[in-house]
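Each remark here refers to the structure printed beneath this line.
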Amino acid sequence: MSESKQGRACILVSCQDRPGIVAAVSTHLFEHGANIVELDQHTSAPDGAYFMRVEFEATHVAVTEISKSFAAVAARFEMNWRMESSDRRQRVAVFVSKEDHCLMELLWQWRWGELPVEIAAVVSNHTLLQDAVASFGLPFHHIPVEPQSKREAEARAVDLLKGKVDLIVLARYMQILTGDFIAQFPNQIINIHHSFLPAFIGSRPYDQAFERGVKIIGATAHYVTEELDAGPIIEQDIARVNHRDTVADMKSVGRTIEKTVLARAVRWHVEDRVLVHGNKTVVFNGC
């Protein structure tokens, strides 16, 4: 592909809200021959924080120049910003234990071309899903985890992945990561928790939901922080249940919610649609 052909990129911005931001960004893009194809913005009422995602088309030469020159616009408004090419495919590692529903949803969406990533590795503390992963032609790494050797296991995973992946997805990986591991990948680890957080944090949430007699169950995809199940939430969904549903019924319903919610969150992350603000996210997903 020659440098004269069209490319697509996006700029993500966060700063304090003030007049002129949209005008400055759009004018800068116009002056470099770019055509804006999508623009989303949001202002946080309590603190006046402003967020923008603008996607545009331009020649590859212009995209390169915009990336270099946008710093001057950012300085005027004290922006935190980054620019990403839409041609970029993020490298993703998927961590899994024994349950395969979230993993297989990701793998099938990847194979169908609906999840624009490169799956660099599948990592598991068990070997149960090795053959399933091999059928997709993907590398499988067995890293067993025992209580007395958790840090050694995590060190192996860091050696395998550090600097080689952009995102780690915990697809029902039934291990609690240490703070040291999480610190290696800030806002680069997405977990699926099988409850509608902040309800039923921790283990066995469906059992907790059954004991509480809830009428709605759900799943939550969130960034992983050192505080268990308390990181910034990216996506959630729910389903209704009633007094006739057993724990097994809830788990069956929940599996569908879990895999759907996780796949959405991963897709929005790799499409550069998520901005983290404290312990919240702004997700420009088109809704």
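Keep in mind that the numbers below use all heavy atoms, side chains included, and drop hydrogens, waters and symmetry copies.
- Judged by distance alone, the side chain of T127 and the main-chain N or O of Q130 form no donor-acceptor pair under 3.5 Å.
- Atom CZ of residue R18 and atom OG1 of residue T43 lie 13.5 Å apart, to the nearest 0.5 angstrom.
- Between the side chain of T27 and the backbone N or O of A23, at least one donor-acceptor pair lies under 3.5 Å.
- Listed by first then second residue, pairs satisfying salt bridge (charged side-chain N to carboxylate O under 4.0 Å, His left out) with a partner in residues 110-125 read R91-E118, not counting sequence neighbours.
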Report task. Begin with the C-alpha distance, continue with both residues' side-chain angles, and end with the deciding distance and a verdict on side chain to side chain contact (heavy atoms under 4.5 Å, CB included) for V165 and V92. Result -> CA-CA 6 Å; V165 299; V92 175; over 6 Å; no

Requested in this report: Show your working on side chain to side chain contact (heavy atoms under 4.5 Å, CB included) between F56 and M83 and close with a plain yes or no.
Outcome: CA-CA 11 Å; F56 60 91; M83 179 172 156; 3.6 Å; yes

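- In this structure, Y50 has its ring center at least 6.0 angstrom away from the ring center of H42.
- The side-chain heavy atoms of P232 and T281, taken from C-beta on, include a pair separated by under 4.5 Å.
- With hydrogens and angles disregarded, a donor-acceptor distance shorter than 3.5 Å links the side chain of S124 to the backbone of V96.
- Nearest heavy atom pair, residue T225 against residue A230, reads OG1-C, 4.0 Å.
- Residues L275 and M79 do not share a hydrophobic cluster, clusters being chains of Ile/Leu/Val/Met/Phe/Trp/Tyr side chains in contact below 4.5 Å.
- Under a cut-off of 6.0 angstrom, the local environment of CD1 in I216 is crowded, with over 12 non-hydrogen atoms contributed by other residues, nucleotides or ligands.
- Q208 contributes atom CD, which lies 6.5 Å from atom OG of S203 (distance to the nearest 0.5 angstrom).
- Across F284 and M52, no two heavy atoms sit closer than the pair CE1-C, 3.9 Å.
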Query raised in the report: Yes or no on salt bridge (charged side-chain N to carboxylate O under 4.0 Å, His left out) for D87 and R8, after CA distance, side-chain angles and deciding distance?
Result: CA-CA 7 Å; D87 296 332; R8 185 173 285 204; over 6 Å; no

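- For the atom pair CD1 (I66) and CD1 (I11), the distance works out to 6.5 Å, reported to the nearest 0.5 Å.
- Side-chain contact between Q41 and V22 is present, with at least one heavy-atom pair separated by less than 4.5 Å.
- Hydrophobic clustering, with ILVMFWY side chains joined whenever heavy atoms are under 4.5 angstrom apart, keeps F196 apart from I190.
- Hydrophobic clustering (ILVMFWY, side-chain heavy atoms < 4.5 Å, transitive): L197 and V274 are in distinct clusters.
- Shown here is E152, whose CD atom has more than 12 heavy atoms of other residues, nucleotides or ligands within 6.0 Å.
- Around atom NZ of K162, more than 12 heavy atoms belonging to other residues, nucleotides or ligands sit under 6.0 Å away.
- Annotation: E227, atom CD; neighbour count of heavy atoms from other residues, nucleotides and ligands within 6.0 Å does not exceed 12.
- Using a 4.0 Å cut-off between charged side-chain N and carboxylate O, R88 and D272 make a salt bridge.
- Between the OG atom of S14 and the CG atom of N80 there is a distance of 4.0 Å, given to the nearest 0.5 Å.
- Using modelled atom types and a 3.5 Å distance limit, the side chains of D47 and S44 yield a donor-acceptor pair.
- Salt bridge annotation for E84-R82: present, with a cationic side-chain nitrogen under 4.0 angstrom from a carboxylate oxygen.
- A continuous path of hydrophobic side-chain contacts links V224 to V145 [ILVMFWY only; heavy atoms under 4.5 Å].
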Requested in this report: Test ring-ring contact (aromatic ring centres under 6.0 Å, His included) on W108 and F136 and set out the steps.
Outcome: CA-CA 9 Å; W108 279 114; F136 285 84; 5.1 Å; yes

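- With sequence neighbours excluded, the residues satisfying side-chain contact (heavy atoms from CB on, under 4.5 Å) with F181 are F95, E154, A157, V158, I168, L177, T178, F185, I189.
- Taking a cutoff of 4.0 Å between a charged side-chain nitrogen and a carboxylate oxygen, R273 and E38 qualify as a salt bridge.
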Requested in this report: Would you sort out whether Y173 and N125 count as a side chain to side chain contact (heavy atoms under 4.5 Å, CB included), showing the intermediate values?
Outcome: CA-CA 8 Å; Y173 182 63; N125 54 328; 3.7 Å; yes

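- Judged by distance alone, with hydrogens and angles left aside, the side-chain atoms of K150 form a donor-acceptor pair with the main-chain N or O of I176 at under 3.5 Å.
- Not a single donor-acceptor pair under 3.5 Å links the side chain of S67 to the backbone N or O of T64.
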**Report entry** Evaluation steps, side chain to side chain contact (heavy atoms under 4.5 Å, CB included), between V261 and Q236
**Finding:** CA-CA 6 Å; V261 166; Q236 296 179 291; 5.6 Å; no

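- Within the 4.5 Å cutoff, the side chain of E78 has no heavy atoms near those of the C15 side chain.
- Relative orientation of the F51 and H277 rings is perpendicular, given thresholds of 30° and 60° on the angle between their planes.
- Scanning all heavy atoms of the two residues, the minimum distance from A171 to C102 falls at CB-CB, 3.8 Å.
- Minimum interatomic distance between I233 and H222 (heavy atoms only, all atoms of both residues): CA-CB, 3.9 Å.
- Cluster partners of M174: none. The rule joins Ile, Leu, Val, Met, Phe, Trp and Tyr whenever side-chain heavy atoms lie under 4.5 Å apart, and it links nothing here.
- I36 has its side chain out of reach of F30: every pair of non-hydrogen atoms, C-beta onward, lies at least 4.5 Å apart.
- In this structure, S26 OG and L39 CG are separated by 7.5 Å, a value rounded to the nearest 0.5 Å.
- Within the 4.5 Å cutoff, the side chain of E57 has heavy atoms near those of the N35 side chain.
- With hydrogens and angles disregarded, no donor-acceptor distance shorter than 3.5 Å links the side chain of D159 to the backbone of R156.
- When side chains are defined from C-beta on, L106 counts as touching V94, because their heavy atoms get closer than 4.5 Å.
- Note that CD of E65 is 10.0 Å distant from OG1 of T59, once rounded to the nearest 0.5 Å.
- For the pair R264 and D237, the salt-bridge criterion is met [side-chain N within less than 4.0 Å of a carboxylate O].
- No more than 12 heavy atoms of other residues, nucleotides or ligands sit less than 6.0 Å from atom NZ of K98.
- Using a 3.5 Å distance cut-off with no hydrogens or angles, the side chains of E258 and H101 do pair a donor with an acceptor.
- The ring of H269 has its center closer than 6.0 angstrom to the ring center of Y223.
- The shortest non-hydrogen separation linking L160 to K164 is O-CD, 3.3 Å.
- Side-chain contact check for F200 versus I217: every heavy-atom pair is 4.5 Å or farther apart.
- You'll find the side chain of I238 stays beyond 4.5 Å of the side chain of I257, heavy atoms only.
- S195 and H193 form a side-chain donor-acceptor contact under 3.5 Å, judged by distance and modelled atom types alone.
- Between L129 and F140, the closest heavy-atom pair is C-CE1, 4.0 Å.
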